[in-house]
Visitor: 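Quick one: this structure, given as structure tokens, is what I'll be asking you about.
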Amino acid sequence: MVQKRSRATRVAGIGAIVALILSGCSSETVRNGFLPSTPDVTNKTGDMISLWNGSWIALLAVGVLVWGLMIWALIVYRKRKGDNEMPVQLQYHVPLELMYTVIPIVLVGVLFVNSQRTIETVLELDDNPDITIDVYGKQWSWDFYYEDYDVHYSGERIMVEGKGDDFEHLPTLYLPVDENVEFRVHSRDVQHAFWIPAFLYKTDMIPGRTNVFQVTPTLEGTYAGKCAEMCGEFHSEMLFKVEVVSLAEFEDVMAGYEAEGNTGSLDDPTLNRWGNTGGDH
Ligand SMILES: [Cu+2]
């Protein structure tokens, strides 16, 4: 009886995982979820995807070789009926030992150099980014300040309850396509992390510290964004969406913020974590 139940639980678990994967497939906002055949979403995703695929190919080749040798040895040298003799014991085989010392060192070296190269490209900062945006994480939403236009957007927490949901009120980050954007990443309270999964990059948001990165989105569309650091009770609702649009459309949005009076920086220390002066939310 107990066994039956545990099997049912297992089947249900596998079913849930399959459902999750399938729901991931159908979501238009999920890009880069299935490497390697996805288009470049930013100027930096290509390098990261190449590193990922290259590493997988190298490691899979090693895996296939090792598994092959293991299976071959298991079959060829299996104990046969009536064969009770100790097989030949091989020790201190210098060429063999050299081989399995040198090959892993070369492999790790190649992985290291390629990773280092990719990290340098991803973290590269241009002295003159086209657009600069301050991003503030706060329990449990986001503020965006578009420095070049001196306008801001202050998000509010949304409720995600499983059905219906509040996704149309997601805080929205607008980015112009093909422009190099500098993000300056801050936190108003506890540690958060700024993550746009499709961009294959995330940055910690640490109180009292500013982390900087630059990226050029290259594909217009809507992308999911989220906090990637457990930051309290409603961490799971700390979501946003990213709209990568043409420069003209981006400027329209900026003009809209200005018309609404959402001007000025959100860096004022008298602002509370909701980006308002005074009053509790
Ligand atoms: Cu969080």
Visitor: Could you check whether any side-chain N or O of Asp204 sits under 3.5 Å from a backbone N or O of Ile206, counting only pairs where one atom can act as donor and the other as acceptor?
Guide: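 Judged by distance alone, no pair lies under 3.5 Å.
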Visitor: Look at the side-chain heavy atoms of Ile, Leu, Val, Met, Phe, Trp and Tyr, link any pair under 4.5 Å apart, and say whether Val108 and Leu51 land in one connected group.
Guide: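 Val108 and Leu51: separate clusters.
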Visitor: Can you tell me how far OG of Ser141 sits from CZ of Arg188, rounded to the nearest 0.5 angstrom?
Guide: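 Reported to 0.5 Å precision, the distance equals 10.5 Å.
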Visitor: Connecting only ILVMFWY residues whose side-chain heavy atoms lie within less than 4.5 Å of each other, what is the rest of Ile75's hydrophobic cluster?
Guide: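 Other cluster members: Ile71.
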Visitor: Would you call Lys44 and Glu124 a salt bridge, taking side-chain N to carboxylate O under 4.0 Å as the test?
Guide: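 No, Lys44 and Glu124 are not salt-bridged.
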Visitor: Of the non-hydrogen atoms in Leu111 and Ser55, which two are nearest, and what is the gap between them?
Guide: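 Heavy-atom minimum between the residues: CD2-OG, 3.6 Å.
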Visitor: Side-chain contact, heavy-atom cut-off 4.5 Å: Pro207 with Asp189?
Guide: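 No, too far: nothing below the 4.5 Å cut-off.
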Visitor: Suppose we call two aromatic rings close when their centres sit under 6.0 Å apart. Are Phe250 and Tyr149 close by that rule?
Guide: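 Yes.
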Visitor: What distance do Leu239 atom CG and Trp195 atom CH2 have between them, rounded to the nearest 0.5 Å?
Guide: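 Spacing of CG (Leu239) from CH2 (Trp195) equals 11.5 Å.
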Visitor: Is it true that a side-chain atom of Thr121 and a backbone atom of Arg117 form a donor plus acceptor pair closer than 3.5 Å?
Guide: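 Yes, Thr121 side chain to Arg117 backbone: donor-acceptor pair under 3.5 Å.
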Visitor: Are side-chain heavy atoms of Leu173 and Ile133 found at a separation under 4.5 Å?
Guide: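 Answer yes - side chains close enough.
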Visitor: Which heavy atom of Val181 sits nearest a heavy atom of Pro176, and at what distance?
Guide: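 What the structure gives for the nearest pair is CG2-CD, 4.3 Å.
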Visitor: Do Leu170 and Trp142 have side chains that get closer than 4.5 Å, going by heavy atoms?
Guide: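 No. Closest side-chain heavy atoms not under 4.5 Å.
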Visitor: Any side-chain to backbone donor/acceptor pair from Asp83 onto Lys79? Under 3.5 Å, distance only.
Guide: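 Flag not set: sc Asp83 to bb Lys79 has no pair under 3.5 Å.
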Visitor: What I want to check is whether the side chains of Glu243 and Thr222 have a donor and an acceptor closer together than 3.5 Å.
Guide: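 Per modelled atom types, Glu243 and Thr222 side chains form a pair under 3.5 Å.
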Visitor: Which atom pairs, one a donor and one an acceptor, fall under 3.5 Å between side chains of residues 253-264 and the rest of the protein, sequence neighbours left out?
Guide:
residue, atom, partner, partner atom, Å
Glu260, OE1, Asn262, ND2, 3.2

Visitor: Distance from Thr172 atom OG1 to Lys241 atom NZ, nearest 0.5 Å?
Guide: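 Reported value, rounded in 0.5 Å steps: 4.5 Å.
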Visitor: According to the interplanar angle, ranging from 0 to 90°, do the rings of Trp52 and Trp56 count as parallel (below 30°), tilted (30 to 60°) or perpendicular (above 60°)?
Guide: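 Geometry flag for Trp56 against Trp52: perpendicular rings.
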Visitor: So how far is it from Gln214 CD to Leu123 CG, rounded to the nearest 0.5 Å?
Guide: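 The distance works out to 10.5 Å.
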Visitor: Indicate the atoms forming the closest heavy-atom contact of Pro217 with Val244, along with that distance.
Guide: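 Residues Pro217 and Val244, closest heavy atoms: CB-CG1, 3.7 Å.
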Visitor: Look at the side chain of Asn180 and the backbone N and O of Asp130, then say whether any donor-acceptor pair between them is shorter than 3.5 Å.
Guide: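 Not at all, since once roles are kept as given, no pair shorter than 3.5 Å links the two residues.
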Visitor: Is it the case that one hydrophobic cluster holds both Leu247 and Val151, taking links as side-chain heavy atoms less than 4.5 Å apart, direct or via other members?
Guide: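 Yes, one cluster joins them.
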Visitor: Run the numbers on Cys231 and Trp140 for side chain to side chain contact (heavy atoms under 4.5 Å, CB included), then give the verdict.
Guide: CA-CA 8 Å; Cys231 59; Trp140 286 273; 3.6 Å; yes
Visitor: Honestly curious: do Ile49 and Leu219 fall in one hydrophobic cluster under the side-chain, below-4.5 Å linking rule?
Guide: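 Shared cluster, yes.
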Visitor: So which heavy atom on Thr218 is nearest to which on Val177, and how close?
Guide: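 Of all heavy-atom pairs spanning Thr218 and Val177, the closest is C-CG2, 3.7 Å.
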Visitor: Side-chain contact, heavy-atom cut-off 4.5 Å: Leu175 with Val245?
Guide: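 When only atoms from C-beta onward are counted, Val245 and Leu175 do not touch, as no gap falls below 4.5 Å.
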Visitor: How about Phe240 and Phe194: are their ring centres within less than 6.0 Å of each other?
Guide: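 Phe240 vs Phe194: aromatic centres under 6.0 Å.
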Visitor: Report yes or no: do Asp47 and Thr118 form a side-chain donor-acceptor pair below 3.5 Å?
Guide: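 Side-chain D/A pair, Asp47 to Thr118: absent.
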Visitor: Could you tell me the separation between the NZ atom of Lys226 and the NZ atom of Lys202, rounded to the nearest 0.5 Å?
Guide: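 Result: 10.0 Å between the selected atoms.
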Visitor: Quick check: closest heavy atoms across Gly155 and Asp143, and the distance to 0.1 Å?
Guide: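 Closest approach of Gly155 to Asp143, heavy atoms only: N-OD1, 3.5 Å.
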Visitor: Taking Val185 as the starting point, is it possible to reach Met230 by hopping between hydrophobic residues whose side chains are less than 4.5 Å apart?
Guide: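 Hydrophobic grouping puts Met230 apart from Val185.
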Visitor: Can you tell if the side chain of Thr42 reaches within under 4.5 Å of the side chain of Thr45, non-hydrogen atoms only?
Guide: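 Yes, at least one pair of side-chain atoms sits under 4.5 Å.
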Visitor: Taking atom OG of Ser187 and atom CE of Met205, what is their separation to the nearest 0.5 Å?
Guide: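 If I round to the nearest 0.5 Å, the distance is 6.5 Å.
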Visitor: Apply the test side chain to side chain donor-acceptor pair (under 3.5 Å) to residues Thr132 and Glu182: give CA-CA distance (whole Å), side-chain angles for both, the deciding distance (0.1 Å), then the verdict.
Guide: CA-CA 5 Å; Thr132 303; Glu182 175 165 300; 4.8 Å; no
Visitor: So, using side-chain hydrogen bond (donor to acceptor under 3.5 Å, both in side chains) as the criterion, who are the partners of Asp134 when residues are at least two apart?
Guide: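 In terms of side-chain hydrogen bond (donor to acceptor under 3.5 Å, both in side chains), with neighbours along the sequence ignored, Asp134 is linked to His186.
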Visitor: Please assess Glu220 against Ser246 for the test side chain to side chain contact (heavy atoms under 4.5 Å, CB included), listing each intermediate value before the final yes or no.
Guide: CA-CA 7 Å; Glu220 288 186 29; Ser246 67; 3.9 Å; yes
Visitor: Is the shortest heavy-atom distance from the side chain of Phe144 to the side chain of Ser154 under 4.5 Å?
Guide: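 Side-chain contact under 4.5 Å: no.
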Visitor: By side-chain hydrogen bond (donor to acceptor under 3.5 Å, both in side chains), which residues pair with Glu229, not counting sequence neighbours?
Guide: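 Counting only residues at least two positions away or on another chain, Glu229 forms no side-chain hydrogen bond (donor to acceptor under 3.5 Å, both in side chains).
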Visitor: Ignoring hydrogens, what is the shortest heavy-atom contact between Tyr145 and Ser265? Give both atom names and the distance.
Guide: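 Closest approach of Tyr145 to Ser265, heavy atoms only: CE1-CA, 3.4 Å.
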Visitor: Could you go through residues 89-100 and list every donor-acceptor pair under 3.5 Å that involves a side-chain atom there, pairing it with any protein atom two or more places apart or in another chain?
Guide:
residue, atom, partner, partner atom, Å
Gln89, NE2, Pro87, O, 3.0
His93, ND1, Leu96, N, 3.2

Visitor: Give the cluster check for Ile103 versus Val66: same hydrophobic cluster or not, with ILVMFWY residues linked at side-chain heavy-atom distances below 4.5 Å.
Guide: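 As far as the 4.5 Å side-chain criterion goes, Val66 and Ile103 are connected within one cluster.
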Visitor: Are the aromatic rings of Trp72 and Tyr77 close, with centres under 6.0 Å apart?
Guide: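 So the answer is yes for these two rings.
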Visitor: State whether the side chain of Tyr174 and the backbone N or O of Glu249 hold a donor-acceptor pair below 3.5 Å, judged by distance alone.
Guide: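 No; judged by distance alone, with no hydrogens or angles, the pair does not exist.
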Visitor: List in chain and number order the residues that pass side-chain hydrogen bond (donor to acceptor under 3.5 Å, both in side chains) with Glu120, two or more places apart in sequence or in another chain; answer none if no residue qualifies.
Guide: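 Glu120 satisfies side-chain hydrogen bond (donor to acceptor under 3.5 Å, both in side chains) with Gln116 only.
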Visitor: Would you indicate whether the side-chain heavy atoms of Asn43 and Asp178 approach each other to under 4.5 Å?
Guide: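 Sidechains of Asn43 and Asp178: no contact.
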Visitor: Less than 4.5 Å apart, side chain to side chain, heavy atoms only: is that true for Pro171 and Glu156?
Guide: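 A side-chain contact under 4.5 Å is absent here.
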Visitor: Checking side chain to side chain contact (heavy atoms under 4.5 Å, CB included) for the pair Gln139/His192: CA distance, chi angles, key distance, verdict?
Guide: CA-CA 9 Å; Gln139 284 173 317; His192 302 280; 3.9 Å; yes
Visitor: Of the options Thr203, Val215, Val212, which is the one that meets Phe183 in a side chain to side chain contact (heavy atoms under 4.5 Å, CB included)?
Guide: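 Going through the options one by one, the only one that passes is Val215.
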